[in-house]
Amino acid sequence: MPQPTSKIGNKIKLIRNVGIMAHIDAGKTTLTERILYYTGKTHKIGEVHEGAAEMDWMDQERERGITITSAATTCHWLDHKINIIDTPGHVDFTVEVERSLRVLDGAVGVFCGVAGVQPQSETVWKQATRYGVPRLVMINKLDRVGANFDRAVDSLVDKLGANPIPVTIPVGIEDSFSGVIDLLTSEYITFDGEKGEAVNRSPLTEEQTELAAPYREQMIETAAEYDDELMMRYLDGETIAVEELKAALRKGTLASEIQPVFAASALKNKSVQPVIDGILDYLPNPKDRGAVQGVHPKSGETISREPKPTEPATIYVFKTATDPFVGKLTFFRTYSGVVSVKDVLLNSHTGRSVRVNRLLEMHADKKTDVKELGPGEIAAAVGLKGCRTGDTLCAKEHPVALGEIEFPVPVVRVAIEPSSSADERKLEDALENLAEDDPTFTVTEDHETGQRVVSGMGELHLEIIVERLKREFSVVCRVGEPMIAYKEGITAEGMGHYEIDRTLPNGTRQFARVELLVKPSEPGSGFSFTAADRLLPSRFLEVVETGARQGLSVGSVAGYPLLDDISVTLKSAAFDDEATTTELMQAAATGAFRQACENATPQVLEPVMELEVEVPEEFIGNVLKDLNTRRGQITHTDPQAGSQIVGAVVPLSTMFGYATTVRSLTQGRAAYNLQFLRYEEVPVGAKGRWWA
């Protein structure tokens, strides 16, 4: 491996790794296209509504006008390098947001100036909070009818618990939106030229000064809270320099305690450049984020890796994708050290060595070869065999594992088969490739029918998969009706006892006995196993837990998998040194677990979804009546500029075909968002109940 250079070390502070995240149709890709144009990465602006967006490179994305897969690109602004990941806004593709946020240093949250916080923007905000990603906010679409900057900002507080601090505010609104006031410099900014590329600054008028005063006061007060000296000078009425204000606001942003807010209309080319400046001013570089924490894959010892070129190489794989020209692409983030072409690295998850054949800087589906990458870079590699999302690649002499990513469970299934027997092998290989690339897409076999079953996050997710099979892999499929991913769950404590005591024809005795207590645990807590000390030797304790986990695969009511929110306690066990093997003890544990679950009042559970529908006022009655027939429980209704936002909790089993129905009920004017909430018991006699 080549010696790291000081040149690489000096560049780290000039890197920004940023995600663009929001609800579907809030303007994420439109913003990204403007950033690429103004930074000189592209020479024309690709419009989403025209199917010409650079970042929406898949055919399905351009046809549907939505982002399906996260796309990475790199651009430069004021000597800084900005690595951008444009993420999807549709809930079916939330996996793309999850794994992108895992490796990003900062994010830009885009919110519609009319709707404010919407369901999926709430989801991605929580994901960013979970990963501790600092954010700034862009209130977009302020040129639209019904836009209201203050209302949108207030929704960040009310729905997200955020602490938004405007640093630019709009001048005019809707059709009269003409520019923004920079609260730091007290200037009026307009954007002229054919594409808004000419940024003009002018002093504020008396009316604009009056408009800006309360916002500027709030901003300065907030900044002063992060610098004691500034606070004293502010209280003494002294003037505070712009750079001092920026530094204090940056401190609060990096601590994820505040979020600078920018007013804009990306589609109208207004106020995108201040957002780019804000990415440099307020979002962290890799050094700001500090050392990454991992563990030794064998000893479990905690290991830190600083973002320095002199540290051992540490690389995290956050995505894989199949490219028709170069084969398997592995997207990664370098946390420490330097990686170069021809390096051999250790995959700490598999224990195997991998060779780096090519390193690529990505621009959507376009690629540029590079020779080496230092800490803080986001790029892709070719030739990393056997690597999957969540793997850590590291220097062989310095192994470390950075941990895996947890993904949501698929809730919709369909049976799939090739249209001809000649395509059977092609379908199998294609599904394997797609499942490797998408952790929320799974392929199983129904043992009763022998059918191949694919599972995903929703109808759209599976529809896109089928389209990709046809377009990318030339496999035409027949697809069954959507099925619900039911589960079973226990509702009480239950005891299970299972004993194996037999003599084989050859006179060999086999013996094992296990008694387990199961009880439901808190939702989302997962499977837990405990046992009293010295109840069994360690070699048997491990297989008892394994056997109990195996029992989760099939429930006793209808054969659906068990929800894993179960606490298991080993109450007693018996073994014989000569007659007991680990296989026998594991089988006894599986039998005891299943018997215990049978005694714990098991019930069939169905996925329940959180629905939010935006409905024109005149159609609200039609939509509420329809939701009632679908076992929907209305949670809230919020008035909004000529429409109502209806929130409801509704079983997934009743929601197939809802897109067509709601369009029919509202003359095509409604929009809705549906996302998984939790599993609940299926009511007796309910429409859609599995035994109905």
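Throughout, residue positions are numbered sequentially from 1 according to the sequence presented.
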Asker: With the side chain counted from C-beta on, respond yes when F441 and I465 share a heavy-atom pair under 4.5 Å apart, and no when they do not.
Answerer: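 Result yes, sub-4.5 Å side-chain heavy-atom pair found.
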Asker: Hey, what do you get for CZ (F407) to CZ (R99), rounding to the nearest 0.5 Å?
Answerer: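 That separation rounds to 6.0 Å.
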Asker: Answer yes or no: is there a side-chain heavy-atom contact under 4.5 Å between K11 and K81?
Answerer: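 With C-beta onward as the side chain, the pair stays apart.
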Asker: So, for V18 and A107, which heavy atoms are closest and what is the spacing to 0.1 Å?
Answerer: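 What the structure gives for the nearest pair is CG1-CA, 4.2 Å.
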Asker: If we ignore hydrogens and angles and just use 3.5 Å, is the side chain of R34 paired with the main-chain N or O of N269 as donor and acceptor?
Answerer: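 No; judged by distance alone, with no hydrogens or angles, the pair does not exist.
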Asker: For T334 and Y316, which I'm curious about, is there any donor-acceptor pair between the side chains at under 3.5 Å?
Answerer: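 No, no side-chain donor-acceptor contact under 3.5 Å.
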Asker: Without hydrogens or angle criteria, can the side chains of D227 and Y234 be said to hold a donor-acceptor pair below 3.5 Å?
Answerer: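 Distance-only check fails for D227 and Y234.
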Asker: Judged by atom type as modelled, is there a donor-acceptor pair below 3.5 Å linking the side chain of T253 to the main-chain atoms of L249?
Answerer: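 Looks like yes, one N/O pair under 3.5 Å.
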Asker: How close do V272 and A266 get, heavy atom to heavy atom, and via which atoms?
Answerer: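 So the minimum-distance heavy-atom pair works out to CG2-CA, 4.0 Å.
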Asker: Taking K328 first and then D437, would you say they form a salt bridge - that is, a charged N and a carboxylate O separated by under 4.0 Å?
Answerer: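 Salt bridge present between K328 and D437.
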Asker: Is there side-chain contact between I173 and N148, with at least one heavy-atom pair below 4.5 Å?
Answerer: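 In short, these two side chains do not touch, never coming nearer than 4.5 Å.
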Asker: Hey, are the side chains of H76 and T39 touching, using non-hydrogen atoms and a 4.5 Å cut-off?
Answerer: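 They are not in contact (no side-chain heavy atoms under 4.5 Å apart), so the answer is no.
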Asker: So, taking the atom named CD1 in I220 and the one named CD in E225, what distance separates them when rounded to the nearest 0.5 Å?
Answerer: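 If I round to the nearest 0.5 Å, the distance is 12.5 Å.
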Asker: What I want to check is whether the side chains of T190 and R201 have a donor and an acceptor closer together than 3.5 Å.
Answerer: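 Note: T190 and R201 side chains miss the donor-acceptor criterion.
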Asker: Does the side chain of E98 reach to within under 4.5 Å of the side chain of T440, using non-hydrogen atoms?
Answerer: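 Result no, sub-4.5 Å side-chain heavy-atom pair not found.
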Asker: Using side-chain heavy atoms (C-beta onward) and a distance below 4.5 Å, is D105 in contact with D288?
Answerer: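 No, side chains not in contact.
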Asker: Within the distance-only criterion (no hydrogens, no angle test), does the side chain of E174 pair as donor or acceptor with the backbone N or O of D143 below 3.5 angstrom?
Answerer: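 It does not hold such a pair.
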Asker: Just wondering, are more than 12 heavy atoms of other shown residues or ligands nearer than 6.0 Å to NZ in K159?
Answerer: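 More than 12 within 6.0 Å, yes.
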Asker: Donor-acceptor pair, R216 side chain versus T209 backbone, under 3.5 Å?
Answerer: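 A pair under 3.5 Å: no.
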Asker: Which of these, I139, L136, I165, sits in a side chain to side chain contact (heavy atoms under 4.5 Å, CB included) with V261?
Answerer: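 That would be I139; it is the only one of I139, L136, I165 passing the side chain to side chain contact (heavy atoms under 4.5 Å, CB included) with V261.
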Asker: L31 vs N140, test: side-chain contact (heavy atoms from CB on, under 4.5 Å). Steps then yes/no.
Answerer: CA-CA 9 Å; L31 169 64; N140 194 27; 5.9 Å; no
Asker: More than 12 foreign heavy atoms under 6.0 Å from NZ of K268: is that the case here?
Answerer: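 Check fails, neighbour count at 12 or below.
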Asker: Is the backbone N or O of N83 less than 3.5 Å from a side-chain atom of N17, with the two atoms forming a donor-acceptor pair by type?
Answerer: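 Not at all, since once roles are kept as given, no pair shorter than 3.5 Å links the two residues.
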Asker: Regarding E377 and Y335, do their side chains bring together a donor and an acceptor under 3.5 Å, going by distance alone?
Answerer: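 No, no side-chain donor-acceptor pair sits under 3.5 Å.
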Asker: Are L14 and N285 side-chain neighbours, meaning at least one heavy-atom pair lies under 4.5 Å?
Answerer: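 Side chain of L14 against side chain of N285, heavy atoms only: no contact under 4.5 Å found.
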Asker: So, does E197 use its side chain to make a donor-acceptor pair with the main chain of K195 at under 3.5 Å?
Answerer: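 Yes; judged by distance alone, with no hydrogens or angles, the pair exists.
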Asker: Using 4.0 Å as the upper bound for N to carboxylate O, is an ion pair formed by E243 and R250?
Answerer: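 Looking at R250 and E243, the cut-off is not met.
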Asker: To the nearest 0.5 Å, what is the distance between CD (E612) and OG1 (T635)?
Answerer: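 With rounding to 0.5 Å, CD (E612) is 7.5 Å from OG1 (T635).
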Asker: I84 and C75: which non-hydrogen atoms are nearest, and at how many Å?
Answerer: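 What the structure gives for the nearest pair is CD1-SG, 3.9 Å.
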Asker: Is there a donor-acceptor contact under 3.5 Å from the side chain of R333 to the main chain of I378?
Answerer: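 No: the side chain of R333 does not pair with the backbone of I378.
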Asker: Does either side chain, that of T123 or that of Q675, offer a donor lying less than 3.5 Å from an acceptor on the other one?
Answerer: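 Looking only at side-chain atoms, Q675 and T123 do form a donor-acceptor pair, the distance falling under 3.5 Å.
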Asker: Tell me if a side-chain donor or acceptor on T222 pairs with a main-chain N or O of Q218 at a distance below 3.5 Å.
Answerer: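 Here the side-chain-to-backbone pair exists.
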Asker: Report the residues that fulfil salt bridge (Lys or Arg N to Asp or Glu O under 4.0 Å) with E238, sequence neighbours left out, ordered by chain and then residue number.
Answerer: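 E238 satisfies salt bridge (Lys or Arg N to Asp or Glu O under 4.0 Å) with R233 only.
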Asker: What I'd like to find out is whether the side chain of Y131 reaches to under 4.5 Å of the side chain of I405, using heavy atoms alone.
Answerer: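 Contact flag for Y131/I405 side chains = yes.
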Asker: So L329 and T320, side-chain contact (heavy atoms from CB on, under 4.5 Å) or not? Walk me through it.
Answerer: CA-CA 6 Å; L329 279 174; T320 62; over 6 Å; no
Asker: Which atom pair, heavy atoms only, marks the closest approach of S178 to K270?
Answerer: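 Result for this residue pair: O-CE, 3.8 Å.
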Asker: Indicate the atoms forming the closest heavy-atom contact of G179 with F177, along with that distance.
Answerer: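 So the minimum-distance heavy-atom pair works out to O-CE1, 3.1 Å.
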Asker: Look only at the side chain of E33 and the backbone of T30, and say whether a donor-acceptor pair between them is shorter than 3.5 Å.
Answerer: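 Here the side-chain-to-backbone pair does not exist.
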Asker: Side chains of Q259 and Y282 only: does a donor on one sit below 3.5 Å from an acceptor on the other?
Answerer: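 Looking only at side-chain atoms, Y282 and Q259 do not form any donor-acceptor pair under 3.5 Å.
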Asker: Identify the heavy atoms of F149 and T168 that sit nearest to each other, and give their distance.
Answerer: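 Smallest heavy-atom distance, with atoms named: CZ-O, 3.7 Å.
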Asker: Determine whether more than 12 heavy atoms belonging to other residues, nucleotides or ligands lie under 6.0 Å from atom CG of D369.
Answerer: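 Yes, enclosed.
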Asker: State plainly whether the residues E463 and R468 are in salt-bridge range, i.e. N to O under 4.0 Å.
Answerer: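 Looking at R468 together with E463, the answer is no, because their closest N to O distance does not fall below 4.0 Å.
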Asker: Could you tell me whether the side chains of D192 and N200 share a donor-acceptor contact shorter than 3.5 Å?
Answerer: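 Yes, N200 and D192 have a side-chain donor paired with an acceptor closer than 3.5 Å.
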Asker: Show, in sequence, the C-alpha distance, side-chain angles and deciding distance for K251 and E257, and conclude whether the salt bridge (charged side-chain N to carboxylate O under 4.0 Å, His left out) test is met.
Answerer: CA-CA 9 Å; K251 187 175 180 181; E257 293 176 3; over 6 Å; no
Asker: Can you find a side-chain donor-acceptor pair between E187 and T185 that sits under 3.5 Å?
Answerer: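 Result is yes, a qualifying pair exists.
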Asker: Supply the atom-to-atom distance L204 CG to S202 OG, rounded to the nearest 0.5 angstrom.
Answerer: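 L204 CG to S202 OG: 7.5 Å, rounded to 0.5 Å.
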Asker: OG/S265 to CZ/F191 distance, rounded to the nearest 0.5 angstrom?
Answerer: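 Between S265 OG and F191 CZ, I get 11.0 Å after rounding to 0.5 Å.
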Asker: Please determine, by modelled atom types, if D438 and H461 share a side-chain donor-acceptor pair under 3.5 angstrom.
Answerer: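 The criterion, which ignores hydrogens and geometry beyond distance, is satisfied for H461 and D438.
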Asker: Could you measure the distance from the NZ atom of K28 to the CD1 atom of I20? Nearest 0.5 Å is fine.
Answerer: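 Interatomic distance, K28 NZ to I20 CD1, rounded to 0.5 Å: 10.0 Å.
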Asker: Carefully, step by step, assess V137 and W125 under the rule side-chain contact (heavy atoms from CB on, under 4.5 Å).
Answerer: CA-CA 11 Å; V137 169; W125 191 270; 3.9 Å; yes
Asker: Give the intermediate values and the outcome of side-chain contact (heavy atoms from CB on, under 4.5 Å) for residues S100 and M21.
Answerer: CA-CA 10 Å; S100 298; M21 61 182 201; over 6 Å; no
Asker: Using a 3.5 Å distance criterion without hydrogens, assess whether the side chain of R16 forms a donor-acceptor pair with backbone atoms of L283.
Answerer: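 Indeed, once roles are kept as given, a pair shorter than 3.5 Å links the two residues.
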